[in-house]
Amino acid sequence: MAIAWSKKAASMEALSLSPPMSPPVILTQDELKKIAAYKAVEFVESGMVLGLGTGSTAKHAVDRIGDLLRQGKLTNIVGIPTSKKTQEQALSLGIPLSDLDSHPAIDLAIDGADEVDPHLNLVKGRGGSLLREKMVEGACKKFVCIVDESKLVKHLGGSGLALPVEVVPFCWKFTANKLQNLFERSGCVAKLRNDCEGKPFVTDNGNFIIDLYVKEELGDLQTASDAILRIAGVVEHGMFLDMATTVIVAGELGITIKNK
């Protein structure tokens with residue numbers, strides 16, 4: 001369903017004061033992310049154990065949860081962060097935190113995605129937190145994914161950007177070659193991710209990330225997933241298959257909520 005909102009209008013009063021023929025306001029990508037994030041937080045109820053996602057979109061949701069806690073509109077919330085960065089953010093906002101060992105069943109997780117296909121399968125991990133994200137979001141009863149419309153693709157890998165795979169550092173070139181050969185028919189190129197200093201990017205778990213770039217569809221995604229995970233040296237991949245229960249998409253024409 002589509003839900004309309006007043007573009008950059010703080011209230012109906014502000015909207016009514018706008019000139020009748022004023023040009024439409026174009027929202028930035030970050031503003032669209034914020035709108036989707038705030039909508040997702042409407043699913044949060046007091047007393048919930050929450051999976052707190054990582055990335056630019058999820059950051060807005062965590063900020064909003066912190067605001068509602070300070071205002072007393074949410075109480076008795078426990079957050080399970082999906083990265084060290086999110087952990088630091090949540091602590092700075094006063095959000096009580098725990099982990100999967102203490103809370104193996106999570107009520108709700110909110111996180112962004114790098115790609116969303118028509119079946120609500122996702123690519124995640126371009127921010128480097130795919131393993132912890134998959135562990136937390138795999139343990140939740142409801143996973144609400146928040147994106148702007150630029151993340152919608154016809155098939156996973158369709159954006160031409162990275163499909164991340166977390167690997168152990170030991171003989172990473174061997175693992176990268178195995179991954180590239182696995183999807184040779186899809187025109188796959190496997191590259192080690194580097195940080196801003198040109199050194200190998202290291203995840204919160206002390207691993208490397210191999211980014212796969214494909215030109216064609218991967219075929220059956222579950223088969224592709226199983227094949228990746230069978231390669232020695234692979235820790236986890238960034239395809240989140242059949243995990244999102246709701247996807248909230250913010251676009252220039254409104255918010256679209258897609259459910260499984």
Side-chain angles (χ1 to χ4, degrees), residues 28-30 32-34 36-37 40 51-62 81-87 89 109-117 120-138 143-167 169 172 175-176 179-180 183 186-215 217-218 221 224-225 228-229 234-241 243-244 247-250:
T28 66
Q29 187 179 36
D30 191 62
L32 292 174
K33 291 177 179 180
K34 188 172 184 179
L52 305 177
T54 297
S56 58
T57 309
K59 180 180 183 298
H60 290 303
V62 177
T82 55
S83 67
K84 292 179 180 178
K85 186 173 183 179
T86 298
Q87 180 180 10
Q89 178 194 4
I110 300 175
D111 204 354
D114 300 306
E115 293 183 358
V116 181
D117 77 5
L120 306 191
N121 295 312
L122 316 173
V123 167
K124 291 175 53 57
R126 290 177 191 157
S129 302
L130 62 102
L131 175 58
R132 297 190 186 191
E133 287 172 338
K134 188 168 282 190
M135 290 177 69
V136 170
E137 287 147 20
F143 173 23
V144 178
C145 179
I146 45 179
V147 295
D148 66 89
E149 59 189 356
S150 70
K151 303 299 191 294
L152 302 181
V153 295
K154 293 182 180 179
H155 60 86
L156 296 193
S159 67
L161 301 176
L163 195 166
V165 181
E166 186 162 342
V167 304
W172 66 264
T175 308
L179 288 166
Q180 182 166 299
F183 299 112
S186 299
C188 179
V189 175
K191 297 181 179 180
L192 177 70
R193 183 181 300 184
N194 291 323
D195 61 19
C196 59
E197 297 179 352
K199 300 177 181 178
F201 175 89
V202 179
T203 71
D204 286 348
N205 317 296
N207 296 316
F208 291 172
I209 288 184
I210 302 298
D211 286 322
L212 305 183
Y213 299 87
V214 297
K215 296 180 180 180
E217 292 188 50
L218 297 174
L221 294 179
S225 169
I228 292 173
L229 294 175
V234 167
V235 178
E236 188 52 85
H237 60 71
M239 291 190 292
F240 285 51
L241 307 180
M243 291 181 64
V247 174
I248 298 176
V249 184

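We count residues from 1, following the sequence as given.
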Asks: Can you tell me how far the CE atom of Met239 sits from the CG atom of Asp117, to the nearest 0.5 Å?
Replies: 11.0 Å
Asks: Between Val62 and Gly53, what is the shortest heavy-atom contact and its length?
Replies: CG2-O, 4.3 Å
Asks: Under a 3.5 Å distance rule, please check whether Ser186 uses its side chain to pair with a backbone N or O of Cys188 as donor and acceptor.
Replies: no
Asks: Under the side chain to side chain contact (heavy atoms under 4.5 Å, CB included) test, which residues partner Ala40, sequence neighbours left out?
Replies: Ile110, Val144, Ile146, Ile248
Asks: Nearest 0.5 Å please: distance from the CG atom of Leu212 over to the CG atom of Leu218.
Replies: 8.5 Å
Asks: Could you pull out the closest heavy-atom pair between Val249 and Glu149, with the gap in Å?
Replies: CG1-CA, 3.7 Å
Asks: Calculate, to the nearest 0.5 Å, the distance between atoms CG and CD belonging to Leu163 and Glu115 respectively.
Replies: 7.0 Å
Asks: For Thr82 and Thr54, which I'm curious about, is there any donor-acceptor pair between the side chains at under 3.5 Å?
Replies: yes
Asks: Does the side chain of Asn121 come within less than 4.5 Å of Phe240's, by heavy atoms?
Replies: no
Asks: Above 12 or not: heavy atoms from other molecules or residues under 6.0 Å from NZ of Lys134?
Replies: yes
Asks: For Asn207, is there any backbone N or O sitting under 3.5 Å from a side-chain donor or acceptor partner on Thr203?
Replies: yes
Asks: Could you give the distance from CH2 (Trp172) to CG (Leu192), rounded to the nearest 0.5 Å?
Replies: 4.5 Å
Asks: Would you call Lys124-Glu236 a salt bridge at under 4.0 Å N-O?
Replies: no
Asks: To the nearest 0.5 Å, how far apart are CG in Leu130 and CD in Glu137?
Replies: 10.5 Å
Asks: What distance do Asn205 atom CG and Leu131 atom CG have between them, rounded to the nearest 0.5 Å?
Replies: 4.5 Å
Asks: May I ask you to test the Pro164-Val123 pair for a side-chain heavy-atom distance under 4.5 Å?
Replies: yes
Asks: Okay, side chain of Glu166, backbone of Val235: is any donor-acceptor separation there less than 3.5 Å?
Replies: no
Asks: Are Asp30 and His60 close enough that some pair of their side-chain heavy atoms sits under 4.5 Å apart?
Replies: yes
Asks: Within the side chain of Arg132, is there an N or O that forms a donor-acceptor pair under 3.5 Å with the backbone of Asp204?
Replies: yes
Asks: Could you tell me whether the side chain of Arg126 and the main chain of Asp211 form a donor-acceptor pair under 3.5 Å?
Replies: no
Asks: So, using side chain to side chain contact (heavy atoms under 4.5 Å, CB included) as the criterion, who are the partners of Lys151 when residues are at least two apart?
Replies: Gln29, Lys33, Val147, Asp148
Asks: For a quick test of reading the model, state the closest non-hydrogen atom pair linking Ala36 to Ala250 and the distance between them.
Replies: CB-CB, 3.9 Å
Asks: Work out which heavy atom in Gly160 is nearest to a heavy atom in Tyr213; give both atom names and the distance.
Replies: O-CD2, 3.5 Å
Asks: Are Val234 and Leu179 side-chain neighbours, meaning at least one heavy-atom pair lies under 4.5 Å?
Replies: yes
Asks: Considering non-hydrogen atoms only, spot the tightest contact between Cys145 and Ala244 and give its length.
Replies: CB-CB, 4.4 Å
Asks: What are the two closest non-hydrogen atoms of Val153 and Gly158, and how far apart are they?
Replies: CG1-C, 4.3 Å
